[in-house]
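So you know, we letter chains A, B, ... as the sequences are listed, proteins then strands, and number each from 1.
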Amino acid sequence: MAETTYKTPLLDELEKGAWPSFVKEIKMAAKRSPMANDLLGQLEQSYQEKIGHWKHGGIVGVMGYGGGVIGRYSDLSEKYPGVSHFHTMRINQPAGWFYTSEALRSLCDVWERHGSGLTNMHGSTGDIVFLGTRTEELEPIFEELAKLDFDIGGSGSDLRTPSCCNGMARCEWACYDTMQACYQLTQDFQDELHRPAFPYKFKFKFSGCPNDCVASIARSDMSFIGTWRDDIQMDQSEVKKYVDGGLDIQKDVIDRCPGKCMEWNGKELSIENSFCVKCMHCINVMPKALRPGKDRGCTILIGSKAPIVEGAQLSSVLVPFMKLEPPYTEIKDLIERIWDVWCEEGKNRERVGEFIQRVGLGNFLEAIEVEPVPEMVAHPRENPYVFYEEYYEDDDGEEEEEA
Amino acid sequence: MAETTYKTPLLDELEKGAWPSFVKEIKMAAKRSPMANDLLGQLEQSYQEKIGHWKHGGIVGVMGYGGGVIGRYSDLSEKYPGVSHFHTMRINQPAGWFYTSEALRSLCDVWERHGSGLTNMHGSTGDIVFLGTRTEELEPIFEELAKLDFDIGGSGSDLRTPSCCNGMARCEWACYDTMQACYQLTQDFQDELHRPAFPYKFKFKFSGCPNDCVASIARSDMSFIGTWRDDIQMDQSEVKKYVDGGLDIQKDVIDRCPGKCMEWNGKELSIENSFCVKCMHCINVMPKALRPGKDRGCTILIGSKAPIVEGAQLSSVLVPFMKLEPPYTEIKDLIERIWDVWCEEGKNRERVGEFIQRVGLGNFLEAIEVEPVPEMVAHPRENPYVFYEEYYEDDDGEEEEEA
Amino acid sequence: MAVERRTDFGPPHYEKYLPPIIKENYGKWKYHEILKPGVMVHVSESGDKLYTVRASSGRLLSIDKIRIYADLADKYCGGYLRFTSRHNVEFLLTDSANIDPLVADLQKMGHPVGGIGNAITSIVHTQGWVHCHSAATDASGIVKAVMDDLIEYFDGTTKLPGKLRIALACCLNMCGAVHCSDIAILGIHRRPPKVNHETLKKQCEIPNVVSACPTAAIRPAIVDGNQSVEVIEENCMFCANCYTVCPSMPLNDPLNDGVSIWVGGKVSNARTEPMFSKLAIPFIPNNPPRWPEVTDAVRKLVELWAANAHNHERMGEWIQRIGWPKFFKMADIPFQKEHIDDFKHAGLTFKRSTHLTF
Amino acid sequence: MAVERRTDFGPPHYEKYLPPIIKENYGKWKYHEILKPGVMVHVSESGDKLYTVRASSGRLLSIDKIRIYADLADKYCGGYLRFTSRHNVEFLLTDSANIDPLVADLQKMGHPVGGIGNAITSIVHTQGWVHCHSAATDASGIVKAVMDDLIEYFDGTTKLPGKLRIALACCLNMCGAVHCSDIAILGIHRRPPKVNHETLKKQCEIPNVVSACPTAAIRPAIVDGNQSVEVIEENCMFCANCYTVCPSMPLNDPLNDGVSIWVGGKVSNARTEPMFSKLAIPFIPNNPPRWPEVTDAVRKLVELWAANAHNHERMGEWIQRIGWPKFFKMADIPFQKEHIDDFKHAGLTFKRSTHLTF
Ligand code: SRM
Ligand code: SRM
Ligand code: SRM
Ligand code: SRM
Ligand code: SF4
Ligand code: SF4
Ligand code: SF4
Ligand code: SF4
Ligand code: SF4
Ligand code: SF4
Ligand code: SF4
Ligand code: SF4
């Protein structure tokens, strides 16, 4: 294949330095792929001109799926024909991002045959991102992936590829089985994941404890964060060892405890667990000495998102505590009730968090049949603008239902 | 005067009990005043029916003044002719609510001659409230008050009667002279106080220190709260005495210090004053040992109000620190700039706090010529929706001013 | 020609009313001490001592009572007295021997002495049925009933961990500025305005009425041939702002008016920043003359706080420490939809972390 | 007839990829220890030990590099490896003797080992000019430049008081979810959309475009005979939501695009509740290939925090403790109008107390 070799003086500057160089990666791929080569050329031009050269994406995909592919075309396709099409495929990663070398190699083989040879491991939603291919390659890629048992992830107004922390696989703090929950709900909601039918995107993320190592509270419409209800497990002798080892337990642990519920008498640590807000801090600092309690489950929160349009949100508590265990019936029912209400009444491009703010959390709870509890709010209302729903009529003195 | 004696079985219940009884007061006044007597009758009816019997106020006043009188008419004036008119007069109290017995008596005399004989000492804005008189009495009352040097207070869309804590008169913590400032600004803005020409009401309140004994941060469009910039004055031997006297200095003082800047080594108290947020707590607990610093002045805050319409607000910092001293030129200039902008651009019935939120604090500061400082915000913006006001044009590369 | 009428002379200068000891020690006070309930002394750098005796005034005062105050002031303290920002009366003494007789006189005439220090002081309040057209409840009546019940906390009989401020406003205009009180009693309407279509066009400007509504519940309409407005009832949250601008839209309604109870606000900057009060009890019907459900509810809240708060811990600080879920459980108040904010900034009141206790 | 095409089978089951030691100890891990930069051990209740070596992947990986990872995994750990939620690669070892050789191999090939514990780990980021049509800046280029500069904090050469998370998003869509990062680098446009009036009607639905704008800056208009829209420029805050729904409204502009820097966000519930990042530096022009002004600004922030924070104190917690005024002074960043929120909840960001330091 006749190929231009681009001069890339600006990008070359980014081959220097200690951090892995994406320019080197592109150059490596460019050795074999004209697409990657033309990406290099176009990117150098972007660096020169300080502007991207991609057109607004078009809709492309694989048969029967409505999402999972981001269409992308160069606005300099004559100059860089290799990137005239440069679509992204989102491949649903295995829960926890665990791989065998064999699995990785077979993915690489598919991508060598049909794409630019460039990837993101991983995209920020969590997918394996195959970066750059042509429309006509999509179906063959899907076919080959299917043989490897790799399915496509989400994009558009659908359930997005769920992701989870490595949880019980490699973490002592997992309060529920994040990988199983993530896998199972992904499987159970395949239709919602592949066929955009929501008002907008919807994301699940699963973290095994309040450290929230997949940033679920900031980045998912529904955040599952492990927690516990009983007492922190303590090994006093290990506490002592930390202190003897130089830990300033007063300053670095006790004074930083948001529950203000710890005391150290020089020999023993005591915790007033009814005030512990399960923040993880003391456990984080003394992993050998303290562990989450034994009555474990998760807090379910709803609504986080990036700023567009109504401003960023963190998720807020929907279910203070729930055991998240197979067959996940209770949670699936809840999710479906939420989707029903949101699909029925949500506006186009309105994330569920924005929807809740528009209709009111109280009304939303009624619609999804969840009882309000004080754990859902940082504090009760401050303004006196209460929509009392009933009033008495003068004539008959009977309570009348409004609204 | 022929007068009905009303049966007041419900109100009579409120003559019982240890707290002073307003019913007794009304009855006392009713002995001499038919207005007070009819008030008693109408009020008993309200208690029976659980509803007030006042009509929406009309505009009444004294010559040349636009405010200071709240018109009030009974909707049962045939039954209770004494309250057919029952207007309120707001009399500007002396700063700090200090009186001599003589001053009080002469006020009572005026009110005995011309009104119901009922008062509020004081209204919640701070005025002496003369409760209940007829339109034709207003002018005579004003005339007599003028002789006593008592002028009328504010009402309607004007400057409302300013009020202040007793400050230097009886408090060791006053960081500026609240009574003088209150008096002087009241005098200097007489026109604004008496002739409604603002978009809505505007209130000043003056507290000598952050304890804020006139609730200025919650109840005034402009709040003047005393503070200091240097170190808290300490008398270590007095500190010791408090501790010896049983004060748990660690738990009740140090652990409650929001600046987390105090330490007690068993003998001496030390304060890292650069972290002290001037909350007053330690001083409140140990008034003999600690005192505000010597470099005193006040923080000026803007915008508090009750909920109607956009929701309640607390005042927010406008000037972190200013010496508030005669001739008060700097502060008067600032106030006038604020009024100019608000009068020009504020909507009808838009308090200044609501106005600022609508136009943006940054724009407001520009208009009143005050530099933004980080003390004005709890934190900088979290959303990325910044109205950058300039951009370069492609052709000439020159910065262009927008908006 | 008439003599020019004197206007705009402003309030009298306060100096006229200051006792000599204050003039001499103005700005020179050094510290104060609380001597007993309702009595404190301020000590000057000069060593001078000013004694204050504080009594409840009740606020709604007849001139007869004010004259009695004046007499007491003459008798015990050279005629000098003042009122406080919470409407108590304070007598300013230089001779400590006069304290006890003055206290005795005040108590005898039914004006309890107290409210200083860690106590409940007078309830800031408003007009209610005594004077205001907007009132959803009476002011003075509830205040009297509540304070009769809480007198032990005013007069020092029962000790408290900190200051506790109660306020009452008889409608959402909140003249009592209850929005930052430890306990707030707030009169509320619960029935949308009943429009008087006959008078409306005459009394009110329709565009003003429409734009007065924060929730856009009002729209212009022709009713029975009158130019008027209609209210979309499910959008009304009973703020009565329409009534303020238009007398033809009254909300007062004996069957549906009542009070709500709010907790945890504060004004001072001491320790924590000032806080708004939050909704505790959405609705209690009006039950004059003594509103027993309200006095009970307030007492329960006071007792709960008194029993559980740390020293110097205001109601809101205590709740902040224990968390709202515990508060609702301990106060035995059911948490309902009404407690959840749904106005403009509602989203910012949701719990956006997993910091929960179980 | 064709065989039915297999769809909706979902991701492979993770169990296939778990090393035996994990399968055996699933849910039984007892504690972990950090052995050295980038290396930790998890100890099971059974006593089994799993070693993890974490290296930066760079995220944008060629299949060539992935194959090299696969080879390393085969060589040192039975072929088992994983990636993290921040795009690092982790090798899962059972034989501690393999740690050092693996680390050496990784370092040799330019993939530094580190990022565990109190360190700066990889920058979560997005596509930039490599793939996205919305980008106001490049992603990979800035990330590379910044991390080259901060490498000492990744590889453990320089110790830090706590974790510090940096993220980058190339436009306000914030795919990098930078809104809760200790330091966020955010690509921003600063010029309103340049409407392509010729294509607009064809490509976009005008009502959608109009309603896409959160500040109502867009209104329908006829321009040169085309049905199109016009932008009220002073109402535009450059969110590009109009461009997302309509390709005829591009905001990309080499002269005006650049980045802003945000600080003090966090995600974890450790100690404090999760927090949003706040604006520190409103604008830095794009300066490829190495964005020196950005790397400088980030380094200054890191150093300031590192020098002043307490143990385990995240950037936002540190700033909360010292207060924003001190932060701006110490960071030597001028406080400007841009820092003051003016969007919907702006009022709630104002300082509503006198808790100030001087
Ligand atoms: C590829 C990826 C960035 C990356 O480099 O990792 C990405 C890329 C795009 N995102 Fe995203 N988003 C990606 C994760 C995110 C995340 C992070 C997350 O999921 O944890 C967010 C923030 C969290 C959230 O959902 O709010 C995110 C918030 C957005 C938004 C703003 C949504 C909002 O409600 O505020 C948009 C705009 C939109 O939806 O129209 C957007 C839109 C886009 C589009 C499709 C551009 C567009 O305007 O249509 C980008 C395509 C880029 C391209 O050409 O490759 N992307 N996007 C991430 C997906 C990879 C994957 O599947 O693993
Ligand atoms: C008399 C007084 C209550 C009292 O018993 O003490 C009072 C009484 C009225 N207030 Fe007030 N306000 C009084 C202090 C306040 C305060 C407290 C303060 O000033 O510290 C507030 C809260 C602080 C504030 O300004 O926001 C207050 C907030 C309101 C509001 C709501 C304003 C808002 O922006 O939210 C209204 C409604 C209005 O202005 O239309 C209002 C309106 C009224 C009106 C005029 C009724 C109306 O709708 O037009 C009341 C007349 C009652 C009557 O017939 O006597 N009143 N009003 C207080 C004035 C006495 C005095 O001059 O000393
Ligand atoms: C007389 C008065 C000022 C005036 O010019 O009228 C006053 C006077 C004093 N206040 Fe006050 N405060 C007065 C209303 C207030 C208010 C306003 C209010 O309640 O509406 C506040 C804000 C309340 C709030 O935060 O909601 C107020 C918050 C304080 C505080 C802070 C208390 C706290 O811990 O939050 C102190 C300090 C203390 O008591 O430890 C204080 C301390 C004091 C001291 C000790 C100051 C001094 O050294 O003279 C005075 C006597 C103490 C007392 O009453 O316990 N004063 N004080 C007011 C008496 C009202 C009354 O009759 O009860
Ligand atoms: C591997 C990974 C999860 C995964 O399934 O991929 C992971 C793994 C661990 N995290 Fe994490 N965290 C991982 C992303 C996160 C994230 C998400 C993020 O950064 O986007 C967070 C939230 C960050 C935030 O708050 O902004 C996170 C907040 C924590 C915390 C809380 C730190 C804090 O003080 O705020 C801990 C506890 C600690 O380190 O003391 C923690 C602790 C841990 C422990 C010690 C848990 C354990 O016992 O195994 C693990 C190794 C520690 C380490 O990296 O220092 N992990 N951790 C992620 C590695 C990312 C990376 O490559 O660097
Ligand atoms: S979120 Fe908790 S359980 Fe999951 S990896 Fe992080 S620390 Fe472990
Ligand atoms: S988990 Fe957090 S709140 Fe609970 S005891 Fe430990 S530090 Fe305190
Ligand atoms: S506000 Fe301060 S100065 Fe004024 S009376 Fe209260 S404590 Fe004293
Ligand atoms: S005034 Fe407040 S912040 Fe300052 S040292 Fe005393 S308690 Fe701490
Ligand atoms: S609170 Fe309402 S009802 Fe009470 S006096 Fe004020 S305006 Fe009137
Ligand atoms: S009471 Fe308030 S919400 Fe109801 S119609 Fe009137 S203005 Fe609107
Ligand atoms: S942040 Fe913006 S520019 Fe970057 S990938 Fe996401 S949508 Fe594209
Ligand atoms: S960029 Fe945003 S604010 Fe500007 S016109 Fe487009 S949608 Fe409106």
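- Remark: H56(B) pairs with H133(C), Y243(C) by the ring-ring contact (aromatic ring centres under 6.0 Å, His included) rule, at least two apart or across chains.
- The closest side-chain heavy-atom distance from L314(B) to E273(C) is not below 4.5 Å.
- Counting heavy atoms from C-beta on, the side chains of Q187(B) and P11(C) come closer than 4.5 Å.
- H312(C) places no side-chain N or O within 3.5 Å of a backbone atom of N284(B) that could act as its donor or acceptor partner.
- Under 3.5 Å, the side chains of N311(C) and R256(B) contain no donor-acceptor pair of N or O atoms.
- Across I70(B), T88(B), L131(B), a single residue satisfies side-chain contact (heavy atoms from CB on, under 4.5 Å) together with Q127(C), and that is L131(B).
- Inspection of non-hydrogen atoms places L43(B), S46(B), Y47(B), E49(B) of residues 42-49 of chain B under 4.5 Å from chain C.
- Salt-bridge check for R6(C) with D151(B): failed, with every basic side-chain N at 4.0 Å or more from each acidic carboxylate O.
- Between F22(B) and V143(C), every side-chain heavy-atom pair lies at or beyond the 4.5 Å cut-off.
- Proximity to chain B (any heavy atom under 4.5 Å) is shown, for Y26(C), by both the backbone and the side chain.
- Looking at residues two or more places apart in sequence or on another chain, you find a ring-ring contact (aromatic ring centres under 6.0 Å, His included) between H87(B) and Y73(B), H85(B).
- Between the side chain of W129(C) and the backbone N or O of H53(B), no donor-acceptor pair lies under 3.5 Å.
- Using modelled atom types, no side-chain atom of N269(C) and backbone atom of N211(B) make a donor-acceptor pair closer than 3.5 Å.
- In summary, the side chains of S101(B) and D74(C) do present a donor paired with an acceptor at a separation below 3.5 Å, with no hydrogens or angles considered.
- At a 4.5 Å heavy-atom cutoff, the contact between C171(B) and chain C is made by backbone atoms alone.
- Here C132(C) is the residue among S134(C), C132(C), C213(C), C170(C) with the most heavy-atom pairs under 4.5 Å with chain B.
- With hydrogens and angles ignored, the 3.5 Å screen pairs no side-chain donor or acceptor of R271(C) with any backbone N or O of C279(B).
- Not less than 6.0 angstrom separates the ring centroid of W97(B) from the ring centroid of Y14(C).
- Side-chain atoms of D109(B) and R67(C), non-hydrogen and from C-beta on, do get closer than 4.5 Å to each other.
- For the pair R5(C)/E139(B), a side-chain contact is recorded, criterion being any heavy-atom separation below 4.5 Å from C-beta on.
- Proximity of a side-chain donor or acceptor of Y65(B) to a complementary backbone N or O of D8(C) within less than 3.5 Å is detected.
- No more than 12 heavy atoms of other residues, nucleotides or ligands lie within 6.0 Å of CD in E205(C), so this atom counts as exposed by the packing criterion.
- Every ring-ring contact (aromatic ring centres under 6.0 Å, His included) that F83(C) has, sequence neighbours left out, goes to Y99(B), H122(B).
- Between W173(B) and H32(C), the distance separating the two ring centers is shorter than 6.0 angstrom.
- Relative orientation of the Y17(C) and F150(B) rings is parallel, given thresholds of 30° and 60° on the angle between their planes.
- Ion pairing between a basic and an acidic side chain is recognised when a charged N comes within 4.0 Å of a carboxylate O; R170(B) and E90(C) show such pairing.
- Counting only heavy atoms from C-beta outward, the side chains of F98(B) and I22(C) approach each other to under 4.5 Å.
- Remark: of the listed residues R59(C), K144(C), K65(C), K65(C) is the sole one forming a salt bridge (Lys or Arg N to Asp or Glu O under 4.0 Å) with E25(B).
- The main-chain N or O of P289(C) is never found under 3.5 Å from a side-chain atom of E13(B) such that the two would form a donor-acceptor pair.
- At a threshold of 4.0 Å, the pair R105(B)-D71(C) counts as salt-bridged, since one of the basic side-chain nitrogens sits closer than that to a carboxylate oxygen.
- Of the residues considered (K278(B), K305(B), K16(B)), K16(B) shows the highest number of contacts with chain C, using heavy-atom pairs under 4.5 Å.
- Chain C forms more heavy-atom pairs under 4.5 Å with one residue of G153(B), A306(B), S124(B), G126(B) than with any other, namely S124(B).
- Salt-bridge check for K50(B) with D138(C): failed, with every basic side-chain N at 4.0 Å or more from each acidic carboxylate O.
- Between the S62(C) side chain and the L118(B) main chain, no donor and acceptor come within less than 3.5 Å of each other.
- Of the listed residues D191(B), D177(B), V62(B), I217(B), the one with more heavy-atom pairs under 4.5 angstrom with chain C than any other is D177(B).
- Side-chain N or O atoms of T119(B) include one that pairs as donor or acceptor with a backbone N or O of L61(C) at under 3.5 Å.
- Contact check for I63(C) versus R32(B): side-chain heavy atoms found under the 4.5 Å cut-off.
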